[in-house]
**Student:** 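Please see the structure below; I have some questions.
Chain naming here is simple, since letters A, B, ... match the order of the sequence lines and numbering starts at 1 in each. Note that this is a predicted model, so its numbers are computed, not measured.
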Protein chains: 2
Amino acid sequence: MQIAQTLISRDNISDHVALAVRDMIVDGRLPPGERINEVHLSVQLGVSRTPLREALAKLAQEGALRSIPRIGYFVRELSLEEFEQIYTIRPILDPEALRLAGLPSPERMARLKALNDKIENARDPNAIIDLDDEWHLELIGECPNKVLIDFIKQMIQRTRRYEIALMRERKNVAVATANHKAIMSALRRRDLDAACSALRTNMQTGREPIVKWLKAREAKKGGK
Amino acid sequence: MQIAQTLISRDNISDHVALAVRDMIVDGRLPPGERINEVHLSVQLGVSRTPLREALAKLAQEGALRSIPRIGYFVRELSLEEFEQIYTIRPILDPEALRLAGLPSPERMARLKALNDKIENARDPNAIIDLDDEWHLELIGECPNKVLIDFIKQMIQRTRRYEIALMRERKNVAVATANHKAIMSALRRRDLDAACSALRTNMQTGREPIVKWLKAREAKKGGK
DNA sequence: AATTTATGAATTGTATACAGTATGCAGATA
DNA sequence: TATCTGCATACTGTATACAATTCATAAATT
């Protein structure tokens, strides 16, 4: 008979490295535009180039890095264009996922409320983003369309670097938690349609301040 | 001064290999469920394991392969679930891309018509799918949201294996080309909304026969 | 002085070697 | 006969070695 899958999935060095490098990109230790030196980075991480390269290839496919053959990997610049494009798609997909998920169970509602409270009290922008992402994934946790969820997760990864700027200002955090409350209140009224459109609003209000910040940032760079 | 990018982008062996293996999966030379033997496949392709592994990792991320750490890569089974999930998303995204693209230029309309004619005359299912995919990408070619286009491309790749079954029956080809005509006629009337909803219909009618085929297929397998 | 050309170092792409893990089979045990 | 144990083999994961290309610097040419 077939033995059950081993539960302890000791993952590969490649996977670990991918996580590590992704963190370095997200929190700015590898700044936008930076060229990756495979040899340096591999010794810094204490691994050989082989698993590092596998990780870099993965990150390139995720969109965090850009690969130019025979030249190297570069940390992708923050781009107003890319951000706007992603933030055009999420207000379409997230509400659809919620619609497919249906009204959340009482337990899920409780978790959503608890997460939102945590966001209100958190100070560190990184922690806030983690919690906000978790909140959104919890909201659509019941969605049976795993492909859709995976895609939303991809986009969450990809917009993290931008959102840090957003969550540095407490005003924006307050807006986000208020939006979450509006969504939850619609759900409590068992009004799925209203919740979906509140979610759409949530995504759209998150967008504006970041666009503004990016524009200022690009202007500064252009002026230099 | 900086030298212009070399135009001839001699791509890597890894990329070539990824193309080759993807083809082998799509056309069935590597059947669903098959385990990939890296050594055998690398000698068969005349390359070493290193670029092959990079290609396999890429295909795994695309969803064509499944990676089980320390055991290997497997060609993913055709799954009714996955297919239905993807075909729930495309009727949302494709029309949105068309909406963003706006009405096509006369030149693009001519190309769309020419492609649709080619589909009507083609016999080989593989060629038909190529043309159909090309038609859909041409339709939304003007869409400025490149992230959206990339995602649609990903899904096209991922559904190819399923669609072969669809296009083997000429009746379905006729339905597809008729749908395309409906879309084009709406566009000629400059009625973008109608075109978008015709596109939605197009995606949905493509879905049913494949679901039916997959169900029959799974029943057969379960019965064995 | 500005531009081009040559040369060597640094860096990426690929192949190979090695180590650790899974897999299958033969023999042992009940 | 059926199940378990130990061993040999095959395969994956990682490291290292080598080849090919890019990049930077300096000499040479105009």
Side-chain angles (χ1 to χ4, degrees), chain A residues 1-22 24-25 29-31 33-62 64-76, chain B residues 1-22 24-25 29-31 33-62 64-76:
Chain A
M1 197 201 272
Q2 186 97 9
I3 290 282
Q5 295 271 346
T6 52
L7 293 173
I8 305 148
S9 143
R10 277 174 314 128
D11 39 23
N12 298 336
I13 292 187
S14 315
D15 300 333
H16 268 284
V17 169
L19 285 175
V21 176
R22 191 187 295 119
M24 293 175 75
I25 295 170
R29 271 173 295 166
L30 287 173
E34 181 100 339
R35 177 174 177 173
I36 304 282
N37 184 314
E38 295 178 4
V39 176
H40 293 173
L41 189 53
S42 67
V43 301
Q44 186 183 335
L45 295 170
V47 299
S48 77
R49 276 179 61 217
T50 310
L52 173 61
R53 278 176 63 86
E54 291 193 353
L56 294 179
K58 187 171 181 176
L59 293 171
Q61 221 181 338
E62 280 182 20
L65 296 175
R66 177 171 151 65
S67 156
I68 302 181
R70 314 246 158 211
I71 296 186
Y73 290 94
F74 297 81
V75 180
R76 285 189 51 171
Chain B
M1 200 204 271
Q2 186 98 7
I3 289 283
Q5 295 271 345
T6 51
L7 294 173
I8 303 147
S9 143
R10 278 173 312 129
D11 37 24
N12 299 336
I13 293 188
S14 316
D15 300 333
H16 268 284
V17 169
L19 285 175
V21 177
R22 191 187 295 119
M24 292 175 77
I25 294 169
R29 272 173 294 166
L30 286 173
E34 181 99 339
R35 176 174 178 172
I36 305 283
N37 184 315
E38 296 178 4
V39 176
H40 293 172
L41 188 53
S42 68
V43 300
Q44 187 183 334
L45 295 170
V47 299
S48 78
R49 276 179 62 217
T50 310
L52 172 61
R53 279 177 61 87
E54 291 193 353
L56 295 178
K58 188 171 181 176
L59 294 171
Q61 221 181 338
E62 280 182 20
L65 295 175
R66 178 171 150 68
S67 156
I68 302 181
R70 314 242 161 217
I71 296 186
Y73 290 95
F74 297 80
V75 179
R76 285 190 50 171

**Student:** Return the residues of residues 54-61 of chain A meeting this criterion: a heavy atom under 4.0 Å from some atom of DNA chain D. Order them by number, or give none.
**Tutor:** none
**Student:** Nearest 0.5 angstrom please: T50(A) OG1 to R53(B) CZ, how far?
**Tutor:**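 That separation rounds to 9.0 Å.
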**Student:** List for me each residue that meets salt bridge (Lys or Arg N to Asp or Glu O under 4.0 Å) alongside R76(B), sequence neighbours excluded, and say none if there are none.
**Tutor:** none
**Student:** So, for L45(A) and A20(A), which heavy atoms are closest and what is the spacing to 0.1 Å?
**Tutor:** CD2-CB, 4.4 Å
**Student:** What are the two closest non-hydrogen atoms of A55(B) and S14(B), and how far apart are they?
**Tutor:**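 Shortest heavy-atom separation between A55(B) and S14(B) comes out as CB-O, 3.6 Å.
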**Student:** When rounded to the nearest 0.5 angstrom, what distance separates CG in L52(A) from CG in L56(A)?
**Tutor:**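 The CG atom of L56(A) is 4.0 Å from CG of L52(A), to the nearest 0.5 Å.
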**Student:** List the atom of P51(A), the atom of V47(A), and the distance in Å for their closest heavy-atom pair.
**Tutor:**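 Looking at all heavy atoms of both residues, the shortest contact is CG-CB, 4.3 Å.
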**Student:** Measure CG/L52(A) against C1'/dT16(D) and give the value in whole Å, please.
**Tutor:**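 Going from L52(A) (CG) to dT16(D) (C1'), I get 15 Å.
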**Student:** Measuring only between side-chain heavy atoms, which start at C-beta, is D15(B) closer than 4.5 Å to E54(B)?
**Tutor:** no
**Student:** Which atoms form the tightest heavy-atom contact between R35(A) and I71(A), and what is the distance?
**Tutor:**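 Where R35(A) meets I71(A) most closely, the heavy atoms are NH2-O, 2.8 Å.
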**Student:** On a heavy-atom basis, which atom in Y73(B) and which in S67(B) lie closest, and how many Å separate them?
**Tutor:** CE2-CB, 3.5 Å
**Student:** Rounded to the nearest 0.5 Å, how far apart are CD of Q44(A) and CE of M24(A)?
**Tutor:** 4.5 Å
**Student:** For the helix from dA1(C)-dT30(D) to dA30(C)-dT1(D), figure out the bend between the end axes, five pairs an end, and round to 10 degrees.
**Tutor:** 10°
**Student:** Any N/O pairs under 3.5 Å between the protein and nucleotides 11-13 of chain C? List them or say none.
**Tutor:**
unit_1: dT11(C); atom_1: OP1; unit_2: N37(A); atom_2: ND2; d: 2.9
unit_1: dT12(C); atom_1: OP1; unit_2: I36(A); atom_2: O; d: 2.9
unit_1: dT12(C); atom_1: OP2; unit_2: E38(A); atom_2: N; d: 3.4
unit_1: dG13(C); atom_1: OP1; unit_2: R70(A); atom_2: N; d: 3.0
unit_1: dG13(C); atom_1: OP2; unit_2: R53(A); atom_2: NH1; d: 2.5
unit_1: dG13(C); atom_1: OP2; unit_2: R53(A); atom_2: NH2; d: 3.2
unit_1: dG13(C); atom_1: N7; unit_2: R49(A); atom_2: NH2; d: 2.9
unit_1: dG13(C); atom_1: O6; unit_2: R49(A); atom_2: NH1; d: 3.1

**Student:** Could you go through nucleotides 7-9 of chain D and list every protein N or O atom that sits under 3.5 Å from one of its N or O atoms, giving the distance for each pair?
**Tutor:**
none

**Student:** Might you work through the side-chain contact (heavy atoms from CB on, under 4.5 Å) test for R49(A) and L41(A), ending with a clear yes or no?
**Tutor:** CA-CA 9 Å; R49(A) 276 179 61 217; L41(A) 189 53; over 6 Å; no
**Student:** I need the single residue from L65(A), I25(A), V75(A) that forms a side-chain contact (heavy atoms from CB on, under 4.5 Å) with E34(A). Which is it?
**Tutor:** V75(A)
**Student:** Distance check needed: dA22(C) P versus F74(B) CZ, whole Å only.
**Tutor:** 13 Å
**Student:** Where along residues 15-22 of chain A does a heavy atom come under 4.0 Å from DNA chain C, residue by residue in number order?
**Tutor:** none
**Student:** Check whether any side-chain nitrogen or oxygen of S48(B) sits under 4.0 Å from OP1 or OP2 of dA15(C), and answer yes or no.
**Tutor:** yes
